[in-house]
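Read the numbers this way: they start at 1 and go in the same order the structure lists the ligands and their atoms. Along the sequence shown, residues carry numbers from 1.
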Amino acid sequence: MKFCTHCGKEVLDDALICPNCGCSVQYDENPQGAAAPQFTAPQPQHTAPADTYSTMSILGLVLSFFTALVGLIVSVMAYNEAKNTGSLKSQSMAKAGIIIGAVEMGVGVLSGIIAGIIIIAGFGTLGALAII
Ligand SMILES: [Zn+2]
């Protein structure tokens, strides 16, 4: 089937004149025929789905700000998921979550040790004062 270039009405392939508007369709190349798909049809096949941040990677990053351990675990899971799906954005997002979670874990452990030392030192001082 081809279409009239003047009124858009479907006309027979061998028709010379459009039965609807009477215009000549003799030289009308089928707009949806052989020539057009070479330019239009291959595009959807070559266009990869848009790379987006996965929900898991976003969740991991957000969680890493609040609870380092949970954020770290979710980010690692998101990173593995992103590697499977091949999403580079999700991988980088998950990496950020892992780094932030790991840093916070480190800070948390460090501050725990420091707090422990202060408490022990404080009790030690109290003990020393009690002896005196
Ligand atoms: Zn027509």
Practice prompt. Please examine the side chains of His6 and Cys18, heavy atoms only from C-beta on, and report whether any two atoms are closer than 4.5 Å.
Written response: no
Discussion item. For a distance under 2.8 Å, give residue and atom name for each protein N, O or S atom next to the Zn ion (ligand 1).
Written reply: Cys4 SG, Cys7 SG, Cys18 SG, Cys21 SG
Worksheet item: Is the number of heavy atoms from other residues, nucleotides or ligands within 6.0 Å of NZ (Lys89) greater than 12?
Response: yes
Worksheet item: Which value, rounded to the nearest 0.5 Å, describes the distance between Leu61 atom CG and Ser92 atom OG?
Response: 10.0 Å
Practice prompt. Please name all residues satisfying side-chain contact (heavy atoms from CB on, under 4.5 Å) with Thr67, sequence neighbours left out, ordered by chain then number.
Written response: Leu63, Val70
Worksheet entry | By side-chain contact (heavy atoms from CB on, under 4.5 Å) - contacts of Ile98 (at least two apart) | Leu72, Ser75, Val76, Tyr79
Item to complete: Please identify each residue that fulfils side-chain contact (heavy atoms from CB on, under 4.5 Å) with Phe66, with sequence neighbours left out.
Response: Val62
